[in-house]
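To start, the structure under review is shown below, and the notes come after it.
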Amino acid sequence: MIPPRAVKGMNDVLPEEIGRWQHIERAYARTMSLHGYREVRTPYVEETSLFVRAMGDATDVVEKEMYSFEHRGDGLTLRPEGTAGAVRAYLEHAVQGREPVTRWWYAGPMFRAENTQRGRYRQFSQLGAEIFGDDGPGCDAEMIAMLVEFLQSLAVPEVELVVNSLGGPEARSRYRAALLAHLTPRQGSLSPESQRRLATNPLRILDSKDERDREAVRDAPTIREFIDADDREHFSKLLTYLDALETPYSVDERLVRGLDYYTSTLFEIKGAHGKLGAGNTLVGGGRYDRLVADLGGPRVPAIGFAAGLERLLIASELSAAASTTDALIAPVGDAAVAPGLEMARRLRRFGIRCEIDTRGGSLKSQLRRANHLGVRMVLILGDSELAEGSVQVKDLEAHTQERMAREPALRVVVDRLMAASRSVDPPTRSERP
Ligand code: HAM
C-alpha cells in the first residue's frame with residue numbers, strides 16, 4: 001500500500017524547524033504588544049459571501065483561489081486572508097461602541113489554491129494586524145516603520161519599502177476610465193489574462209509581470225493625477241512622517257494590490273531578493289477606509305497588513321534558534337532510571353527543559369541523542385555513580401565532565417543554563433535550588 005502524503009502546497013513543520021518559527025512568532029507578539037496591539041483569534045472558516053463582499057469578485061483570490069464548499073446548505077470558505085474575518089468580528093461584537101481606536105494582531109494559517117513554488121503555498125501562515133478608528137497618516141507611518149524595523153530585527157537583508165496612494169473609490173473610478181481609454185487601443189498586444197482583466201479589473205494590469213503588459217502600461221496615466229486633495233495631503237504627510245522616523249521608502253505610482261478593499265495608503269515590503277525572487281512580497285497592506293461601512297457597519301477608517309511567515313523564514317538570516325531541550329538525563333541501566341526520573345523532575349521545577357531516556361540504553365546511544373537534541377548539559381548515571389550517590393555532569397558546550405554529588409550537580413546545571421538563557425531569551429525560571 002502507498003503511504004499517505006500531505007496535500008500539495010500544505011507542509012508539515014517538524015520539531016527540527018519549529019525553533020525558528022517560534023522565534024519569529026514570539027518576536028512578532030512582543031513587537032505588537034509594545035505597539036499597543038492585542039491578539040484576536042477568528043475562525044478559519046467563514047461564510048463565502050464575506051470574502052466575496054470584502055475582497056471583490058474580480059480579484060484573483062476570489063475568482064480562482066478559494067477553498068469553498070457547501071455544508072448543509074451553507075456556502076463556506078477556508079479563510080484566504082485575515083482582514084475580512086477581523087472586520088466581521090469587529091462589527092459582530094460592536095467593538096466601535098467600546099473603544100475609539102482598536103488595534104488587533106493575529107497569526108495563523110490561511111488557505112489559497114495557488115500554483116505552488118518556493119514561498120507560495122496553499123496553506124501558509126500570516127502575521128497580520130488591523131487598526132480600526134484612526135484615519136491619520138501618523139497611524140500609517142507608525143505601522144509601516146514598525147514593520148521595517150521588525151524585518152530588520154529578523155536580519156532580513158535588502159529590506160525595501162514601496163508606498164503609494166490609491167485615493168478613494170471616486171478617484172479610482174475616474175482613474176479606471178482613463179486607464180481603459182489608454183489600454184483599449186492596445187488591447188491586442190496585452191497578455192490573454194490582461195485582455196480578460198480589461199473588462200473586469202483593469203487596475204490589476206498595472207501589477208502584471210508579463211513583458212507585453214508592462215510595455216502597454218509604460219506611459220499610461222498614473223493614479224496620482226486623479227486622487228483628491230485630502231488623499232494627496234494624507235499621503236504627503238505620511239511621507240513626511242516616514243522621513244522623520246528615518247524609514248527609507250520609494251514611491252511607486254503603479255503599485256496596486258490584489259484585493260479590492262484598499263483605499264488611500266498602500267504599501268509593500270520586499271527583501272532577500274536572491275532567496276525569494278522579485279515576485280515574492282514579504283508584507284503587504286494598506287488602508288481600507290470604506291470596508292467597515294461596505295459590510296454594513298458605521299464609517300470606521302481602518303488600515304492593516306499581513307506578512308507571510310514562511311517567506312520571513314526564507315528571508316531571515318537569523319541562524320537556527322536555540323535548541324528546544326536544555327538537558328538530558330542519561331541513566332545507564334535499569335537501576336538508574338528511578339533516581340534519573342527524580343533528577344529530571346527536580347530540574348523541571350526550576351524551569352529546565354529536560355528529557356530522560358527511560359529505556360536506560362547504552363551511554364553511546366544516549367550521547368548521540370544529546371547531540372541530536374542540541375542540549376547543553378548531560379547528567380550521566382552509571383553503576384559507580386549510583387553506588388556513591390553521585391552523577392557525571394557533562395557540559396557539551398564547555399567540553400567538561402565532572403563527577404559530583406547530586407545536589408551540587410543540580411545547582412551547577414541550573415546555574416549554567418540560567419546564565420545562558422539570560423543572554424538569549426528572558427528567563428522564565430522560577431528560583432534557584
Ligand atoms: P496579501 O498581499 O494577499 O494581503 O498577503 C499578505 C502576505 O501574505 C503576502 O505579502 C505574502 O507574504 C503572504 N502570502 C500571500 N499568499 C501567500 C501564499 N500563497 N504562500 C505564502 N505566503 C503568502 C492580505 O492578505 C491582506 N489581508 C493584508 C491586509 C491586512 N491588508 C489590510 N489588512
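All ligand and atom numbering here is 1-based and tracks the order in the structure. Please read these numbers as outputs of a predicted model, since none were measured by experiment.
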Quiz item: What part of R257, side chain, backbone, both or neither, has a heavy atom within less than 4.0 angstrom of ligand 1?
Solution: side chain
Practice problem: Would you mind checking which non-hydrogen protein atom is closest to atom 20 (N) of ligand 1, with the distance to 0.1 Å? | Solution: Y121 N, 3.0 Å
Quiz item: Are any of the N/O atoms in R120 less than 3.5 Å from those in ligand 1?
Solution: no
Quiz item: To the nearest 0.1 Å, how far is atom 18 (C) of ligand 1 from its closest protein heavy atom, and which atom is that?
Solution: F124 CD2, 3.4 Å
Quiz prompt | CZ (R299) with more than 12 external heavy atoms under 6.0 Å | solution = no
Practice problem: Using a cut-off of 6.0 Å, state whether more than 12 heavy atoms not belonging to R196 lie near its atom CZ. | Solution: yes
Quiz item: Are more than 12 heavy atoms from other residues, nucleotides or ligands located less than 6.0 Å from atom CD of E99?
Solution: yes
Practice problem: Tell me yes or no: between the side chains of T83 and Y261, is some donor less than 3.5 Å from an acceptor? | Solution: yes
Quiz item: Around atom CZ of R41, are there more than 12 heavy atoms of other residues, nucleotides or ligands at under 6.0 Å?
Solution: no
Quiz item: Based purely on interatomic distance, does G308 place a nitrogen or oxygen under 3.5 Å from a nitrogen or oxygen of ligand 1?
Solution: yes
Quiz item: Among protein heavy atoms, which sits nearest to atom 19 (N) of ligand 1, and what does the distance come to when rounded to 0.1 Å?
Solution: E114 OE2, 2.6 Å
Exercise. Run down the list F267, F305, Y261 and name the one with the heavy atom closest to atom 26 (C) of ligand 1.
Key: Y261
Practice problem: Go through ligand 1 atom by atom and flag the ones less than 4.0 Å from a non-hydrogen atom of G284. | Solution: 10 (O), 28 (C)
Practice problem: Pick, from G119, G286, A54, the option with the minimum heavy-atom distance to atom 21 (C) of ligand 1. | Solution: G119
Self-check item: Residue selection (non-hydrogen contact nearest atom 5 (O) of ligand 1) among E130, E81, Q126
Solution: Q126
Quiz item: Side-chain contact, heavy-atom cut-off 4.5 Å: L276 with K270?
Solution: no
Self-check item: Any N/O pair L282/ligand 1 closer than 3.5 Å
Solution: yes
Quiz item: Are any of the heavy atoms in R311 under 4.0 Å away from ligand 1?
Solution: yes
Quiz prompt | Enclosure of Q96 CD (heavy-atom neighbours >12, cutoff 6.0 Å) | solution = yes
Quiz item: Out of L309, T281, I269, who gets a non-hydrogen atom closest to atom 10 (O) of ligand 1?
Solution: T281
Quiz prompt | Nitrogen or oxygen of Y106 less than 3.5 angstrom from that of ligand 1 | solution = no
Self-check item: Minimum side-chain heavy-atom gap S194-D210 below 4.5 Å
Solution: no
Practice problem: Report, as yes or no, whether the 6.0 Å neighbourhood of atom NZ on K364 holds more than 12 heavy atoms from other residues, nucleotides or ligands. | Solution: no
Quiz item: atom 7 (C) of ligand 1: which protein heavy atom is closest, and how many Å away?
Solution: A306 O, 3.5 Å
Practice problem: Please indicate whether K237 has more than 12 foreign heavy atoms, meaning atoms of other residues, nucleotides or ligands, lying under 6.0 Å from its NZ. | Solution: no
Quiz prompt | Test side-chain hydrogen bond (donor to acceptor under 3.5 Å, both in side chains) applied to R254 and N164, step by step | solution = CA-CA 8 Å; R254 302 221 192 284; N164 190 23; over 6 Å; no
Practice problem: May I ask whether G258 places a heavy atom under 4.0 Å from ligand 1? | Solution: no
Quiz item: Any heavy atom of L259 sitting closer than 4.0 Å to ligand 1?
Solution: yes
Quiz item: Does a donor on one side chain and an acceptor on the other come within less than 3.5 Å for E193 and S191?
Solution: no
Quiz prompt | Minimum-distance protein heavy atom relative to atom 30 (C) of ligand 1 | solution = T83 OG1, 2.9 Å
Quiz item: Which ligand 1 atoms are under 4.0 Å away from a heavy-atom of Y262?
Solution: 26 (C), 28 (C), 29 (C), 31 (N), 32 (C)
